[in-house]
Amino acid sequence: MADDIQSGAQQNEQAPQFHVQRIYTKDISFETPNSPAIFQQEWKPEIKLDLDTRSNRLADDAYEVVLAVTVTAEIDGKVAFLAEVQQAGIFAIANMQEGQMAHAIGSLCPATLFPYARETVASLVNKGSFPQLNLAPVNFDALFAQYVEQQRAQAQTQNTETH
């Protein structure tokens with residue numbers, strides 16, 4: 001009986017682990033470089049969304065992941081607003097193989113952070129007195145798969161060039 005409990009505990013320790021320790025805003029910027037003139041124009045903006053992630057290991061099983069979201073709204077080539085948010089989190093990630101770890105850091109963590117960044121962008125746009133902006137959900141699994149495929153193609157190209 002004690003052996004069963006001990007082996008169950010050992011299996012639990014070896015199971016993949018993913019925990020959010022903290023989510024926080026690392027940096028925020030909001031600019032309206034062409035105000036107040038931009039408010040006189042008809043509101044038919046072209047919205048551009050840029051996403052970027054970076055990570056760094058803090059301890060054996062602790063990682064900081066930062067999702068940078070940049071939203072630019074332009075009307076007739078003039079910037080109406082530029083909102084930049086760096087949403088970060090500290091994640092405990094353990095007992096994962098290299099591919100699983102890369103997926104956790106490259107997809108799961110940004111997907112966890114995005115709703116917070118999305119809300120912050122919406123709030124900034126609102127406080128800038130622009131019409132409501134709700135960013136569409138992002139499929140971070142698809143973006144990560146695309147990134148992995150690009151890395152694989154790049155590695156194949158480099159191997160072909162060196163041989």
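- Following chains of ILVMFWY side-chain contacts shorter than 4.5 Å, one can reach Val65 starting from Met101, so the two form part of one hydrophobic cluster.
- Note on Ile105: it does not cluster hydrophobically with Phe144, by side-chain heavy-atom contacts below 4.5 Å among ILVMFWY residues.
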CA sep, side-chain torsions, deciding dist, call: Phe81, Ser35, side-chain contact (heavy atoms from CB on, under 4.5 Å): CA-CA 9 Å; Phe81 67 79; Ser35 62; over 6 Å; no
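- Within the 4.5 Å cutoff, the side chain of Gln86 has no heavy atoms near those of the Leu67 side chain.
- The closest side-chain heavy-atom distance from Gln100 to Gln97 is below 4.5 Å.
- Side chains of Gln87 and Ile23 form a contact here, defined as non-hydrogen atoms less than 4.5 Å apart.
- Linking Ile, Leu, Val, Met, Phe, Trp and Tyr whenever their side-chain heavy atoms come within less than 4.5 Å puts Phe114 and Val71 in one cluster.
- A side-chain donor from one of Glu64 and Tyr24 sits under 3.5 Å from a side-chain acceptor of the other.
- In this structure, Thr112 and Phe140 have side chains that are not in contact, with every pair of non-hydrogen atoms separated by 4.5 Å or more.
- With contacts defined as side-chain heavy-atom distances shorter than 4.5 Å, the pair Ser55/Tyr63 does not qualify.
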Worked verdict on Thr120 versus Ile28 for side-chain contact (heavy atoms from CB on, under 4.5 Å): CA-CA 9 Å; Thr120 301; Ile28 295 177; 3.9 Å; yes
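- Using a 4.5 Å heavy-atom threshold, the side chains of Val69 and Leu135 count as touching.
- Note on residues 70-85: no pairs pass side-chain hydrogen bond (donor to acceptor under 3.5 Å, both in side chains), not counting sequence neighbours.
- Residues Thr53 and Val66 fail the side-chain proximity criterion, which asks for heavy atoms closer than 4.5 Å.
- Note: the hydrophobic cluster containing Val138 does not contain Tyr147 (ILVMFWY, side chain heavy atoms under 4.5 Å, direct or indirect links).
- Nearest heavy-atom pair, Gly106 versus Pro110, reported as atom, atom and distance to 0.1 Å: O-CG, 3.6 Å.
- There is no path of hydrophobic side-chain contacts, each under 4.5 Å, that joins Val20 to Ile90.
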Intermediate values then yes/no, side-chain contact (heavy atoms from CB on, under 4.5 Å), Val85 and Ser29: CA-CA 7 Å; Val85 175; Ser29 174; over 6 Å; no
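- Looking only at side-chain heavy atoms (C-beta outward), Lys127 and Phe30 stay at 4.5 Å or farther from each other.
- Between the side chain of Asn95 and the backbone N or O of Gln17 there is no donor-acceptor pair closer than 3.5 Å.
- Between the side chain of Arg57 and the main chain of Asp60, a donor-acceptor pair closer than 3.5 Å is present.
- The line from CG of Leu124 to CG of Leu82 is 10.5 Å long, rounded to the nearest 0.5 Å.
- Relative orientation of the Phe39 and Phe130 rings is tilted, given thresholds of 30° and 60° on the angle between their planes.
- Panel note: side chain Ser107, backbone Ala104; no donor-acceptor pair is recorded below 3.5 Å.
- In this structure, Gln41 contributes its side chain and Ile38 its backbone to no donor-acceptor pair below 3.5 Å.
- Counting all heavy atoms, side chain and backbone alike, Asn134 lies closest to Arg118 at CB-NH2, 4.2 Å.
- The structure places CD1 of Ile75 at 11.0 Å from NZ of Lys44, a figure rounded to the nearest 0.5 Å.
- Listed by chain and number, the residues in a ring pair (Phe, Tyr, Trp, His ring centres under 6.0 Å) with Tyr116 amount to none (sequence neighbours excluded).
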Worked verdict on Gln132 versus Asn126 for side-chain contact (heavy atoms from CB on, under 4.5 Å): CA-CA 6 Å; Gln132 182 174 348; Asn126 184 357; over 6 Å; no
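- For Asp61 (side chain) and Ala94 (main-chain N/O), no donor-acceptor pair under 3.5 Å exists by modelled atom type.
- How far CZ of Arg152 is from CD of Gln156: 8.0 Å, rounded to the nearest 0.5 Å.
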